[in-house]
Amino acid sequence: MNYDQIMQLALERGFYFPSCEIYADAQAGFWEYGPSGVSLKNKFVELWRREFVRRDRMMEIDGSQIMSEAVFVASGHLSSFADPIIGCQKCKSIFRADKLITEITSIVVPESADLTEFDKVILEKNIVCPKCKGTFEKAHKFNMMFKVGIGPESEPAYLRPETCQSIFVDFPRLFKTMRGKLPIGIAQIGKSFRNEISPRQSLLRLREFYQAEIEVFCNPNKLDNLEKFSEVENTEIRIMVEDDIKTMTCKQALDAGILPNKLVAYYLGLLIEFYQKTGIDVTKSRFRKLGDKEKAFYASVAFDFEVETTTGWLELVACNYRSDYDLTSHANKSKEKFEVLDDEIKVLPHVFELSMGIDRSLYTILEHSFRDDKENDRVVLSLKPYLAPIHVGILSLVKKDGLAEKAEEVFFKIRTKYDAFLDHSGAIGRRYRRLDEVGAPLAVTVDHQTLQDDTITVRIRDSMSQERIKISDLDAYIVKAITYP
RNA sequence: GCGGAGUUAGUCCAGCCCGGCACGACGUCAGCUUCCCAAGCUGAAGGUCGCGGGUUCAAAUCCCGCACUCCGCACCA
């Protein structure tokens, strides 16, 4: 169960594969989901919707992927979502300006400093290219946003680098028209785009990727006034405390001051309960509080939710307390009013966000579900049944004697309700194994007895055990097996 | 973007030094056989040898450029 095995399974079984792969100019960092991948993703998204949007009575929106320049002037992405870089005139090597200066002179010039600051220090300290001793060109910024030109005049706009900006921009309308009341979560699933310098490892670092983001708007004076916290107070989380991972309940973490308030503790509790249901091994997870240097520019407190995979610790969710950074910025830039009434008092809400990487989560689900069952000479994806790309395979034991036709009858009865897959060809054991590899939890087999008494066998993926049931009971059987928790 | 290693069928790979019809396995499809766990037999399909250029009578093979993948650096959900 390492990265290469998952990659091979993904390619062979239609989970995901490189975009535009038949052309030589295909760029790195773009991947397609195949049929199995889409089916898994849809079910993952549905689970997310159940466990966050419905459970916590959030609103869900679907915003535009291209957003106007003003949005990113206000959000800070135009100035801050960029690295200061310098290039050598001679050998063309490129360096991070701030890192190189600190490395050579120990002078700390903040990443966000004015570009002339970098040029000044480089000139004063006579910094040259560490590779060829060449002199540097002027510092410039490499912005990680994709710029697009709108209309015939190519008016500047950008592909959003995070989905949440639409939520902030839409907040005033949503709060008014949807009868909002603090605290309120607004959620969105969609694509975001970042021009990574070096995308790598398929779904783990993409230039175009799916995020599931939740922005919780709250009254900053009432962060510990949250009745629903009792729902998760005994939920156990694993959290880094001074380089050790400690297991404790949300309440314990709150009481110990490791988590800052009930609101944050509540949503971290929801998060871990969600991931438990995805089949990811949460005993291999941790929340890690980020230091000031690691945090995004908009975050005042940040916890990363990380999971151990064969590629190392992988960040699946960024949990950022963004305070009023975004609403204040957009209010100032747009002149729109973002204050709302909470108990008759006007308040500018603060924001706590759960920013989930969907692609990375799907990869982790695959890796944590992958089982190399040598005893039975098979590869099994032990996915949670409700996430399986195929719910049930419908097989005829052999193709002749009318068994294929009977299997088709069974298939036609259930095909619109479940993800079912009909298969007649080849040895029965081979067909079971193919289903095991895409994680189908059930396999129904039509045999000679079926023709006599309308019963079929149902094979359970994980145990390989079988039981015989009536065709008329199949629907109820499948519902029970694949229903969401 | 840098350093290193790579790229040949759906997958894994041989061939490359030393230029001459692209090898094998797995998988897929069809038929036979078996009739509940990747058996066997017969047959078939599947290739811009990463892309572009050069050298040559002839290039997967030699030369140049580029792209992509993987590992490290840096960046990040």
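Every chain is numbered from 1 and lettered A, B, ... according to where its sequence line falls, protein lines coming before strand lines.
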What's the verdict on salt bridge (Lys or Arg N to Asp or Glu O under 4.0 Å) for Lys406(A) and Asp454(A), showing C-alpha distance, side-chain angles and the deciding distance? CA-CA 10 Å; Lys406(A) 189 71 184 173; Asp454(A) 268 339; 2.9 Å; yes
Tyr298(A) versus Ser75(A), side-chain donor and acceptor atoms under 3.5 Å: no
According to a strict under-4.0 Å criterion, is Gln27(A) in side-chain N/O contact with OP1 or OP2 of A67(B)? no
In whole angstrom, give the distance that lies between atom CZ of Arg378(A) and atom P of C26(B). 22 Å
Between CD of Glu12(A) and P of C12(B) the distance, given in whole Å, is 7 Å
Minimal heavy-atom distance between Arg431(A) and Leu395(A), with the atoms involved, is NH1-CB, 3.8 Å
In terms of relative ring orientation, are Phe72(A) and His77(A) parallel, tilted or perpendicular, with 30° and 60° separating the classes? perpendicular
Of the candidate nucleotides U33(B), C76(B), U11(B), which contains the atom at the shortest distance from the side chain of Lys400(A)? U33(B)
For the residue pair Glu467(A) and Tyr477(A), confirm or rule out a side-chain donor-acceptor distance under 3.5 Å. yes
Over all atoms of both residues, closest heavy-atom pair of Arg160(A) and Gly190(A): NH2-CA, 3.7 Å
Between the side chains of Asp447(A) and Thr445(A), is a donor N or O closer than 3.5 angstrom to an acceptor N or O? no
Under 4.0 Å, counting only non-hydrogen atoms across every strand here, what does Ile358(A) touch: a base, just sugar-phosphate, or nothing? nothing
Salt bridge (Lys or Arg N to Asp or Glu O under 4.0 Å) for Asp436(A) and Arg459(A)? Distances and angles first, verdict last. CA-CA 11 Å; Asp436(A) 289 341; Arg459(A) 172 187 180 268; 3.0 Å; yes
Could you tell me the separation between the CG atom of Asn195(A) and the C1' atom of A77(B), rounded to a whole number of Å? 16 Å
Sorted by chain and number, sequence neighbours left out, side-chain contact (heavy atoms from CB on, under 4.5 Å) with Met7(A) holds for Tyr3(A), Leu11(A), Tyr16(A), Trp31(A), Ser202(A)
Just so I know, are the side chains of Phe146(A) and Arg207(A) near enough to count as touching, which here means a heavy-atom distance under 4.5 Å? yes
Once you round it to whole Å, what is the distance between P of C70(B) and CG of Asp4(A)? 10 Å
Pairs under 3.5 Å (N/O, protein and nucleotides 44-48 of chain B):
residue	atom	partner	partner atom	Å
U48(B)	O4	Ile22(A)	O	2.6

Does RNA chain B take part in any stems of at least 3 consecutive Watson-Crick or G-U pairs (both distances under 3.5 Å), and if so, which ones? B:1-7 with B:67-73, B:10-12 with B:24-26, B:28-32 with B:40-44, B:50-54 with B:62-66
Does C71(B) have its OP1 or OP2 closer than 4.0 Å to a side-chain nitrogen or oxygen of Gln201(A)? yes
So, is Tyr3(A) near the phosphate of C71(B), with a side-chain N or O under 4.0 Å from OP1 or OP2? no
Interatomic distance, NZ@Lys41(A) vs CD1@Ile365(A), rounded to 0.5 Å, equals 12.5 Å
Could you state the atom-to-atom distance from CZ of Arg207(A) to C1' of A67(B) in whole Å? 12 Å
So which nucleotide from A38(B), G31(B), U11(B) ends up closest to the side chain of Glu437(A)? A38(B)
Under 30°, 30 to 60°, or over 60°: which ring-plane class applies to Phe44(A) and Phe274(A), parallel, tilted or perpendicular? perpendicular
Grab the CZ-P distance between Phe297(A) and A77(B) for me, whole Å please. 10 Å
In whole angstroms, how far is the C1' atom of A77(B) from the CZ atom of Phe209(A)? 5 Å
How many angstroms lie between atom OG1 of Thr235(A) and atom CD1 of Ile272(A), to the nearest 0.5 angstrom? 9.5 Å
In residues 418-434 of chain A, which residues come under 4.0 Å of RNA chain B by heavy atom? Ser425(A), Ala427(A), Ile428(A), Gly429(A), Arg430(A), Tyr432(A), Arg433(A), Arg434(A)
side-chain contact (heavy atoms from CB on, under 4.5 Å) filter on Glu308(A), not counting sequence neighbours, yields Lys284(A), Trp313(A)
Nucleic acid contacts - residues 443-466 of chain A versus RNA chain B, non-hydrogen atoms under 4.0 Å: Thr445(A), Asp447(A), Thr457(A), Arg459(A), Met464(A), Gln466(A)
Nearest-Å distance once atom C1' is located in both G19(B) and C32(B): 45 Å
Given RNA chain B, 5'-ward residue of the pair Met7(A) and Met144(A), judged by closest heavy atom: Met7(A)
Measure up the Phe352(A) and Tyr267(A) rings against each other and bin them: parallel (under 30°), tilted (30 to 60°), perpendicular (over 60°). tilted
Select base, sugar-phosphate, or nothing to describe what Ser192(A) touches, counting heavy atoms under 4.0 Å on all strands. nothing
Write down the distance between CZ (Arg205(A)) and P (A74(B)), rounded to a whole number of angstrom. 11 Å
For the side chain of Gln8(A), counting heavy atoms from C-beta on, which of A77(B), C12(B), C36(B) is nearest? C12(B)
